[in-house]
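Below: one structure, written as structure tokens.
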Amino acid sequence: MAVDVGLLFYSEMDAPEPWREALGRELPEIEFRVWPDVGGVEDIRYALVWKPPPGLLGGLPRLKAIFSLGAGVDGILLDPALPAHVPLTRMVDAGLAGQMSEYALYATLHFHRCMDRYSQQQRREHWGPLPAVPAEERVVGVMGLGVLGGDFACKAAALGFRVAGWSRSHRQLDGVTVFEGDSGFEPFLRQTQILLNFLPLTPQTAGILNARTFALLPRGACIVNIARGGHLVEADLLSALDSGQLNGAMLDVFATEPLPAGHPFWNHPGIVVTPHIAAQAIAELMIEQVVENIRRIERGEAPLGLVDVRRGY
Ligand code: NDP
Ligand code: OXD
């Protein structure tokens, strides 16, 4: 491959060095540039980005592809000046699925085994066993059955949970009862005791974790949001916890990140907060997908993980 091109890296979440090292090993002919040291913009053919500032990508006249540093692309699609003719790709698993499933299994077990309530009891020095519920009687509901939600749903089913899943179109997954589309949402929710969100953030899914959704869950259900903060109506969660409609929540993602000081979630007894770490970008595991896509594009082939921009994921 004859490539003498630049790749622009932008992320406030990820350190550039592991990426510089990994890319340099695989494609030494590509110059790795880290924003704001862009250099000549006409040299930049590829951009590897997480939440780039609006206008950055539109200012690169010879850009051939935009690679998201994560599975989600909502932070890129927000840019009104995003160049429409440039293909946008996302990470497909690339080390994320295993981490997401670990987090989701931990959260499921946390609520299934009442660890939230036992830690509250411990603080009061209270010894109070709660009734055991077998996994086969616990319904775990998975919103979004793509690469990440699908992996978790199968692993939860293998552990013996009753697993229900919801996606836009039909999916066949071993041990998972699948509900589809708008008409499948209510029956999916009515039985779900632990609800986990793996949806991409799109105009259709924004605010989907709201009062109506919570009201359709059985009383005392728990929620786990590991997709995006924009899925959750924060005031509705606080009301549902206060009324007892929901029993607990584990949240990894927030409308504003980092979660601001003084936010009511920090000290709420029913909420566990983690700092967007359900699945982290590991350059060593992701670089192969970036390299493969550069090679494909240089050969005139379609890249992997191409995003349907109109659909939003
Ligand atoms: P995929 O594109 O593989 O899967 C998306 C799933 O959501 C599909 O099953 C899709 O259905 C479904 N879906 C999309 N829109 C709708 C809708 N309107 N109604 C019902 N179902 C819908 O994505 P991934 O699994 O790779 O990633 C999911 C999300 O996880 C990312 O977008 C990101 O936001 C989040 N994430 C969070 C991380 C963290 O650390 N907290 C780390 C990595 C990702 P269909 O298949 O029918 O189209
Ligand atoms: C992602 C994320 O989308 O880390 O990959 O949230």
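We number each residue from 1, following the sequence as shown.
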Output the distance between atom CZ (Arg45) and atom CD1 (Ile294), rounded to the nearest 0.5 Å. 12.0 Å
May I ask whether Ile277 and Met286 are part of the same hydrophobic cluster, defined by side-chain heavy atoms of I, L, V, M, F, W, Y residues being less than 4.5 angstrom apart, directly or through others? yes
Heavy-atom check, side chain of Leu232 versus side chain of Ile223, under 4.5 Å: yes
For side-chain contact (heavy atoms from CB on, under 4.5 Å), just list the numbers for Val163 and Leu173, CA-CA rounded to whole Å, side-chain angles, deciding distance to a tenth of an Å, and then say yes or no. CA-CA 10 Å; Val163 182; Leu173 294 171; over 6 Å; no
Quick one: pull up CZ in Arg212 and CZ in Phe185 and give me the separation to the nearest 0.5 Å. 7.5 Å
More than 12 non-hydrogen atoms from neighbouring residues, nucleotides or ligands closer than 6.0 Å to CZ on Arg219, yes or no? yes
Test item: Asn197 and Val253 side chains (from C-beta on) under 4.5 Å apart, heavy atoms: no
For Tyr103 and Thr274, test the side chains for any donor-to-acceptor distance below 3.5 angstrom and give the result as yes or no. yes
Please report the shortest heavy-atom distance between Leu69 and Tyr10, naming the atom on each side. CD1-O, 4.0 Å
What I'd like to find out is whether the side chain of Glu26 reaches to under 4.5 Å of the side chain of Val290, using heavy atoms alone. no
Run the side-chain contact (heavy atoms from CB on, under 4.5 Å) check on Thr108 and Val224 step by step: do they pass? CA-CA 8 Å; Thr108 301; Val224 181; 5.8 Å; no
With the threshold set at 4.0 Å, does a side-chain nitrogen-carboxylate oxygen contact exist between Arg25 and Glu284? yes
Do Ile44 and Arg33 touch side chain to side chain, with heavy atoms closer than 4.5 Å? yes
Under a 4.5 Å side-chain heavy-atom rule over Ile, Leu, Val, Met, Phe, Trp and Tyr, are Met13 and Leu148 clustered together? yes
Mark yes or no for whether Tyr313, through its side chain, and Ala71, through its backbone, hold a donor-acceptor pair below 3.5 Å. no
To the nearest 0.5 Å, what is the distance between CH2 (Trp166) and CD1 (Ile208)? 4.0 Å
Nearest heavy atoms of Gly72 and Ser68, plus distance in Å: O-OG, 2.9 Å
If you compare all heavy atoms of Asp252 against all heavy atoms of Ala278, which two are closest, and at what distance to 0.1 Å? OD2-N, 2.9 Å
Measure from the side-chain N and O atoms of His276 to the backbone N and O of Arg228, and report whether any donor-acceptor pair falls under 3.5 Å. no
Shortest non-hydrogen contact between Ala240 and Phe214, atoms and distance: CB-CD1, 3.8 Å
What's the shortest heavy-atom distance between Ala153 and Val142, and which atoms? CB-CG2, 4.1 Å
Looking at Asn225, Leu259, Ile226, which hits side chain to side chain contact (heavy atoms under 4.5 Å, CB included) with Leu251? Asn225
For the side chain of Thr205 and the backbone of Pro200, is there at least one donor-acceptor N/O pair under 3.5 Å apart? yes
First locate atom CD of Glu301, then atom CZ of Arg296, and finally report the distance between them rounded to the nearest 0.5 Å. 6.0 Å
For a quick check under 3.5 Å, do Thr213 and Asn210 share a side-chain donor-acceptor pair by atom type? yes
Please check: side-chain N/O of Gln193 versus main-chain N/O of Gly220, any donor-acceptor pairing under 3.5 Å? no
Could you check if a side-chain atom of His263 sits within less than 4.5 angstrom of a side-chain atom of Glu234, using non-hydrogen atoms only? yes
Given side chains that start at C-beta, do those of Leu8 and Leu57 come closer than 4.5 Å, heavy atoms only? no
Are any side-chain N or O atoms of Glu137 and backbone N or O atoms of Pro134, one a donor and one an acceptor, separated by less than 3.5 Å? no
What distance separates Leu237 CG from Asp242 CG, expressed to the nearest 0.5 Å? 9.0 Å
Tell me whether Glu288 at atom CD has more than 12 heavy atoms from other residues, nucleotides or ligands lying less than 6.0 Å away. no
Step by step, work out the side-chain contact (heavy atoms from CB on, under 4.5 Å) result for Val92 and Leu304. CA-CA 8 Å; Val92 180; Leu304 304 168; 5.8 Å; no
Can you confirm whether more than 12 heavy atoms, excluding those of Asp308, are under 6.0 Å from its CG atom? yes
Could you tell me whether the side chain of Phe67 reaches within less than 4.5 Å of the side chain of Ile76, counting heavy atoms only? no
How close do Val140 and Thr192 get, heavy atom to heavy atom, and via which atoms? C-CG2, 4.5 Å
Would you say that Gln289 contacts Met91 through its side chain, given a criterion of any heavy-atom pair below 4.5 Å between the two side chains? yes
One pair to check against side-chain contact (heavy atoms from CB on, under 4.5 Å): His268 and Val273. What are the steps and the verdict? CA-CA 10 Å; His268 195 292; Val273 168; over 6 Å; no
Side-chain heavy atoms nearer than 4.5 Å, only ILVMFWY residues, links allowed to pass through others: does that put Met143 and Val178 together? no
Tell me whether Leu241 shares a hydrophobic cluster with Leu209, the cluster being built from Ile, Leu, Val, Met, Phe, Trp, Tyr side chains joined at under 4.5 Å. yes
State plainly whether one hydrophobic cluster holds both Trp50 and Leu7, where clusters connect Ile, Leu, Val, Met, Phe, Trp and Tyr through side-chain heavy atoms under 4.5 angstrom apart. yes
Looking at Val291, Asn293, Ile297, which one forms a side chain to side chain contact (heavy atoms under 4.5 Å, CB included) with Arg295? Val291
Measure the spacing between CD of Gln122 and CH2 of Trp127 and express it to the nearest 0.5 Å. 10.5 Å
Would a line drawn from the ring center of His112 to the ring center of Phe161 be shorter than 6.0 Å? yes
